[in-house]
There are 2 protein chains.
Amino acid sequence: MIQIEMLEKYDAVRRLYKKSEIIFEKDNFATHYYQIISGTVKMNNFNDEGREFVQGFFYEKQCFGEPPLFLERTYPANAEAVEDSELICVSKANFLKLIAENPAVSIIMIENLARRLHYKSVMAAEISTQDAEHRLLQLFDYSIAYFNFKKEQEGFHIDLTRQKMGDLTGLRVETVIRAIKTLEKKGELKIVNRKVYR
Amino acid sequence: MIQIEMLEKYDAVRRLYKKSEIIFEKDNFATHYYQIISGTVKMNNFNDEGREFVQGFFYEKQCFGEPPLFLERTYPANAEAVEDSELICVSKANFLKLIAENPAVSIIMIENLARRLHYKSVMAAEISTQDAEHRLLQLFDYSIAYFNFKKEQEGFHIDLTRQKMGDLTGLRVETVIRAIKTLEKKGELKIVNRKVYR
DNA sequence: GCATCATTATGATGTAGGTCATAAAATATT
DNA sequence: AATATTTTATGACCTACATCATAATGATGC
C-alpha cells in the first residue's frame with residue numbers, strides 16, 4: 001500500500017513473525033500501523049465455543065488493522081501470521097503524522113478502506129440471508145476479483161482449503177464439502193483433483 | 001460529515017425524497033456523493049426469496065454509499081428513504097475533486113470509512129458464528145455507541161422495532177421477539193411498555 | 001520410509017431458527 | 001370515530017445446517 005521508503009522516513013521497524021504467531025489481539029488498543037513485506041496474515045474472531053470466523057486474509061504489500069488507529073477503539077479481531085511473515089510497522093503517532101503530511105497517502109488509504117468495506121457489505125448480506133451454496137459462490141467470485149487467483153485451463157483456481165472457505169463464510173467444513181459438490185453437479189464450478197475451479 | 005458550504009462550492013444539489021423512495025439501486029454505478037440534511041436513509045439487500053437485510057441506517061449529517069465512488073465498482077446494496085428526507089448530493093467528478101483539494105476532508109472520510117468498517121467487522125463475526133441472543137446484544141451495545149440512543153431511567157432506550165433488529169442481524173421478527181424475552185428473563189435488558197432498554 | 005498431521009469425505013442424528021397461521025395491541029390514516 | 005396498517009406476540013411444525021463419528025487420502029517432518 002504505502003511505499004516502504006515513505007514508511008522508513010517515519011521510523012518504521014521490520015519484524016519477523018513465525019507461522020501461527022499472534023500479531024495483535026481483539027480488544028487491545030491499536031498502537032501501530034502494519035504492512036506485509038512477505039507472507040500471509042489473517043484476521044479472525046472466536047466465538048464462545050471456540051469457533052473461528054476469518055475476517056480476511058492479507059498478503060504482500062497489503063496493510064491491515066488500521067481502522068482502530070483512526071477511532072478511539074480497540075481491535076475488533078485478532079491478527080495472526082498464517083505462515084512465516086515479515087512485517088513493517090509504524091507507531092500510531094508517526095502513522096497519523098505520515099497521513100496528515102502526505103495527502104496522496106490519504107487517498108490510497110481511502111481506496112483501501114473503501115475496498116474492504118465493499119467486500120464486507122457484500123459478504124454481510126450473503127451470510128445473513130443467503131443459503132450455503134449462494135454464499136460460497138459469492139465468496140469465490142469476490143475472491144477471484146480481489147485475491148490473485150490464477151486463470152487456468154479449467155477456470156480460476158480457488159486456492160482455499162474447504163476449511164478456509166468455511167471460516168470466511170461462517171459455514172462448517174462438512175457443509176462446504178457438501179455444498180461445493182452440489183454446485184459441481186449444477187455446473188457452477190469444477191472440481192479436478194480436489195481443486196476447485198470457477 | 002462534510003460542511004454544506006464546502007459541498008456547495010462543488011455544485012451540490014439538494015433534493016427531497018419521499019418515504020420509501022429509492023435513492024439508488026444495487027449493481028448500478030455510483031454517480032454521486034450523498035449526504036443527509038434531514039430524515040433517515042437505509043441501505044439494504046434482498047435475497048432471492050425477497051428477504052431483506054439492512055446494511056445500516058443513516059441519519060442527519062451522515063453520508064452513505066461512498067465506497068463505490070473510490071473504486072471501479074457498483075453499489076453493493078440499495079439506498080431507500082425511510083421517511084421523507086432531504087439530501088444534498090455532489091457529482092462523482094466534483095466529489096473526487098473536493099477530496100483531492102481538501103486534505104482535511106480526506107481525514108474525515110478516512111475516519112468515517114474506518115468507523116463503518118469497524119461496525120461491519122464486529123457484526124460479521126457475530127452474524128456468522130454467534131447465536132441469536134448474542135447477536136442482538138452486540139447490536140444493542142454497538143447501536144448505543146453509534147446511534148444517538150438516549151439514556152433514560154431504565155437504561156438506554158433501543159429505539160428500533162423488532163423488525164429492524166431482525167433486518168440488522170439477519171434474524172426473523174419472531175426469533176427477535178423470543179430472544180429478547182429470554183434476554184429479559186436473564187436480566188440482560190428490560191422491556192417496559194414494549195420498549196427495550198439496555 | 002514411517003509417523004504425524006491436515007485435508008477431504010460420507011453417513012447418522014440433533015437443533016436453532018425459520019416458516020406458517022392467527023390474533024391482539026398500538027399507531028396511522030381517512 | 002372508524003378503518004387500515006404496523007408492530008408485537010404465541011404456538012405448531014419444518015428444514016438447513018451443525019454436530020458427531022469414522023475413515024481415506026495427501027502433505028510434512030524426522
Side-chain angles (χ1 to χ4, degrees), chain A residues 18-20 40 42 46-54 80 82-84 126-137 139 157-186 189-197, chain B residues 18-20 40 42 46-54 82-84 126-139 157-186 189-197:
Chain A
K18 285 188 186 158
K19 183 178 174 175
S20 300
T40 308
K42 72 174 171 185
F46 293 97
N47 77 355
D48 305 338
E49 283 95 48
R51 187 167 157 197
E52 182 179 18
F53 172 72
V54 173
E80 179 186 323
V82 174
E83 52 189 343
D84 290 359
E126 284 298 317
I127 289 174
S128 60
T129 65
Q130 301 284 15
D131 61 26
E133 293 173 25
H134 205 281
R135 280 193 231 181
L136 286 164
L137 283 185
L139 171 71
H157 174 205
I158 311 297
D159 193 11
L160 295 168
T161 65
R162 288 12 176 201
Q163 182 61 61
K164 281 183 181 176
M165 292 173 191
D167 292 339
L168 286 161
T169 52
L171 296 169
R172 309 256 69 185
V173 214
E174 298 93 325
T175 307
V176 171
I177 290 168
R178 284 160 185 147
I180 60 178
K181 291 211 162 167
T182 314
L183 285 170
E184 192 196 19
K185 277 179 200 151
K186 291 183 181 169
L189 45 80
K190 285 185 184 173
I191 302 179
V192 181
N193 217 355
R194 296 180 166 212
K195 289 176 186 169
V196 179
Y197 297 91
Chain B
K18 285 189 185 156
K19 182 178 174 175
S20 299
T40 307
K42 72 173 171 186
F46 294 96
N47 77 354
D48 305 337
E49 283 95 47
R51 187 167 157 199
E52 184 179 14
F53 172 71
V54 173
V82 174
E83 54 189 340
D84 290 0
E126 284 298 318
I127 288 174
S128 61
T129 65
Q130 300 285 13
D131 63 25
E133 293 173 24
H134 206 281
R135 283 193 228 181
L136 286 164
L137 283 185
Q138 188 72 57
L139 172 72
H157 175 206
I158 310 296
D159 194 10
L160 296 168
T161 65
R162 275 43 166 182
Q163 182 61 60
K164 282 183 181 176
M165 292 173 191
D167 292 340
L168 286 161
T169 51
L171 297 168
R172 309 258 67 185
V173 213
E174 297 94 323
T175 307
V176 171
I177 291 168
R178 285 162 183 147
I180 61 178
K181 290 209 163 168
T182 314
L183 285 169
E184 191 196 17
K185 276 178 201 152
K186 289 183 182 170
L189 45 80
K190 284 184 184 174
I191 302 178
V192 182
N193 217 357
R194 298 179 164 214
K195 289 177 188 166
V196 178
Y197 297 92

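Letters A, B, ... mirror the listed sequences (proteins, then strands); counts begin at 1. If you're wondering where the values come from, they're calculated on a predicted model, not measured in any experiment.
In terms of position along DNA chain D, the nucleotide closest to A/Arg172 lies nearer the 5' end than the nucleotide closest to the other residue of the pair A/Arg172 and A/Asn193.
C/dA6 atom P lies 16 Å from atom CD of A/Glu83, rounded to whole Å. Atom CG in A/Leu171 sits about 16 Å away from atom P in C/dA9, given to the nearest Å. Rounded to an integer number of Å, the gap from A/Asp167 CG to D/dA18 P is 12 Å. A/Asp159 places its CG atom 10 Å from the P atom of C/dT8, with the value rounded to the nearest Å. Rounded to whole angstrom, the span from the NZ atom of B/Lys195 across to the P atom of C/dA26 amounts to 12 Å. As rounded to whole Å, 18 Å separates atom P of C/dG17 from atom CG of A/Asp131. One can place CD of A/Gln130 at 14 Å from P of D/dA16, the figure rounded to the nearest angstrom. Rounded to whole Å, the distance from CE on A/Met165 to P on C/dA6 is 19 Å.
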Under 4.0 Å protein heavy-atom contact, by nucleotide of nucleotides 3-12 of chain D - B base, S sugar-phosphate only | -----SBBBB
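Between B/Asp167 and the choices B/Thr161, B/Leu160, B/Val54, the side chain to side chain contact (heavy atoms under 4.5 Å, CB included) rule is met once, by B/Val54.
Counting only distance, with no hydrogens or angles, the side chain of A/Arg135 and the backbone of A/Gln130 share a donor-acceptor pair below 3.5 Å. For the pair A/Asp84 (side chain) and A/Lys19 (backbone), a donor-acceptor distance under 3.5 Å is present.
Side-chain contact between A/Asp159 and A/Val196 is absent, with no heavy-atom pair separated by less than 4.5 Å.
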What donor-acceptor contacts under 3.5 angstrom involve side-chain atoms of residues 172-186 of chain A, with partners at least two apart or in another chain?
from, atom 1, to, atom 2, distance (Å)
A/Thr182, OG1, A/Arg178, O, 2.9
A/Glu184, OE2, A/Ile191, N, 3.3
A/Lys186, NZ, A/Glu133, OE1, 2.7

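For the pair B/Glu52 and B/Lys42, the salt-bridge criterion is met [side-chain N within less than 4.0 Å of a carboxylate O].
When heavy atoms are screened at a 4.0 angstrom cut-off, A/Gly166 is found touching no nucleic acid atom at all. Using a 4.0 Å heavy-atom cutoff across all strands shown, A/Arg51 reaches sugar-phosphate atoms only and no base atom.
Between the CE atom of B/Met165 and the CD atom of B/Gln163 there is a distance of 11.0 Å, given to the nearest 0.5 Å.
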